Amino acid sequence: MSAQQIYTSAPLGSLIRYSNGKPRPPARFRRKLRAWEHENGVGRLVERYPGYVSASFNSPPHFMLHLGDYGSQGTIVLTVRRAYGLDSSLHFEIVETPRAGSVRILTSVDGRDELRHLASNLAAAESWMQVNRYSNMRTEIVSDPDPVILPPTTRRAA
């Protein structure tokens, strides 16, 4: 699939595999392996950004994949996310969509939803929300089939 297809058809919380189509190099080639790992992996779709156009600034539409959290003893120190533009040359694949009955924990900024956590049920979502505080937090139960809701486009007058 192309990046455009992921943007329009993958629901928030889906696991997305991205690849440049090249075979994995042997481990002894550390630099080549590191470059390959940068362009091949799996992440969770957490946000769609419709783009922003003004007289002095242009930000193209893109989506954001959550690649991982790093820390120790239950404290997250670093969250790794990567944005992919709709013109990305990488190949994308939906590995898994959120199952029906799971609960998305979302926050909204400027009309755009951002996935903060995907819980297995409502009780797990409520306990996660008590520990992790975000403003404008809300829950959304995943239906079957899960509709894709695109954010509105953002434009400013010159």
Side-chain angles (χ1 to χ4, degrees), residues 1-25 30-71 76-100 102-119 125 128-129 132-158:
M1 297 178 106
S2 69
Q4 175 71 45
Q5 291 170 316
I6 292 295
Y7 183 85
T8 58
S9 65
L12 284 179
S14 298
L15 282 178
I16 308 295
R17 177 177 290 125
Y18 55 96
S19 171
N20 61 3
K22 297 178 182 174
R24 180 185 174 100
R30 290 186 303 224
R31 288 185 193 159
K32 288 181 182 180
L33 182 60
R34 204 172 14 220
W36 182 89
E37 288 171 345
H38 183 73
E39 293 186 338
N40 295 273
V42 176
R44 188 166 302 276
L45 181 63
V46 293
E47 184 181 5
R48 288 184 189 87
Y49 183 74
Y52 182 80
V53 178
S54 72
S56 61
F57 182 72
N58 182 16
S59 175
H62 62 271
F63 58 90
M64 188 79 66
L65 295 182
H66 177 92
L67 303 179
D69 292 324
Y70 299 94
I76 296 172
V77 177
L78 177 68
T79 297
V80 178
R81 292 181 172 186
R82 193 171 300 152
Y84 293 95
L86 302 188
D87 59 349
S88 175
S89 62
L90 296 177
H91 176 75
F92 296 90
E93 173 187 1
I94 300 173
V95 177
E96 174 185 300
T97 58
R99 67 174 179 77
S102 60
V103 179
R104 290 185 188 100
I105 300 171
L106 304 166
T107 57
S108 291
V109 176
D110 296 332
R112 295 185 331 266
D113 289 335
E114 182 176 353
L115 179 72
R116 296 294 178 174
H117 183 70
L118 185 63
W128 187 90
M129 289 170 67
N132 301 277
R133 302 282 182 177
Y134 289 95
S135 61
N136 300 325
M137 199 166 24
R138 72 179 198 288
T139 60
E140 180 181 276
I141 297 175
V142 176
S143 60
D144 191 30
D146 195 14
V148 175
I149 301 170
L150 297 175
T153 58
T154 306
R155 298 195 184 274
R156 285 192 85 142

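Position 1 is the first residue of the sequence; numbering continues from there. Just so you know, these numbers come straight off a predicted model, no measurement behind them. Note: hydrogens, waters and symmetry copies are ignored here, and every other heavy atom, side chains too, is used.
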Just wondering, do R44 and L115 contact through their side chains at under 4.5 Å, heavy atoms?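 Sidechains of R44 and L115: in contact.
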
Side chain proximity check, P60 to L86, heavy atoms < 4.5 angstrom: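 No; the side chains remain at least 4.5 Å from each other.
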
Please report the interatomic distance [atom1]([X]) to [atom2]([Y]), rounded to the nearest 0.5 Å.
X    : Y    : atom1 : atom2 : value
H66  : E47  : NE2   : CD    : 13.0 Å
T107 : N136 : OG1   : CG    : 7.5 Å
R116 : Y134 : CZ    : OH    : 4.5 Å
F63  : S88  : CZ    : OG    : 7.0 Å

Qualifying residue for side chain to side chain contact (heavy atoms under 4.5 Å, CB included) with [X], from [options]:
X    : options          : value
R81  : V46, L65, L67    : V46
R104 : L118, T139, D113 : L118
I105 : M137, E140, R138 : M137

Can a donor-acceptor pair be found, under 3.5 Å and without considering hydrogens, that links the side chain of Q5 to the backbone of S2?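 Yes, Q5 side chain to S2 backbone: donor-acceptor pair under 3.5 Å.
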
Under a 3.5 Å distance rule, please check whether S14 uses its side chain to pair with a backbone N or O of I16 as donor and acceptor.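 Side chain of S14 to backbone of I16: no pair is present.
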
Taking every non-hydrogen atom, the tightest pair across [X] and [Y]:
X   : Y   : answer
Y7  : P50 : OH-CA, 3.2 Å
Y84 : H62 : O-CB, 3.2 Å
Y18 : H38 : CE1-O, 3.8 Å

I'd like to know if R112 pairs up with E114 as an ion pair, taking the criterion as any Lys NZ or Arg NE/NH1/NH2 lying under 4.0 Å from an Asp or Glu carboxylate oxygen.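 Judged by the 4.0 Å cut-off on N to carboxylate O distance, R112 and E114 do not form a salt bridge.
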
Without hydrogens or angle criteria, can the side chains of S19 and N40 be said to hold a donor-acceptor pair below 3.5 Å?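 Checked: S19/N40 side chains pair up, N/O donor to acceptor below 3.5 Å.
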
Please output the side-chain donor-acceptor pairs of residues 91-99 that fall under 3.5 Å, not counting sequence neighbours, one pair per line with the distance.
from: H91; atom 1: ND1; to: M1; atom 2: N; distance (Å): 3.3
from: E93; atom 1: OE1; to: R17; atom 2: NH1; distance (Å): 3.4
from: R99; atom 1: NH2; to: S120; atom 2: O; distance (Å): 3.0

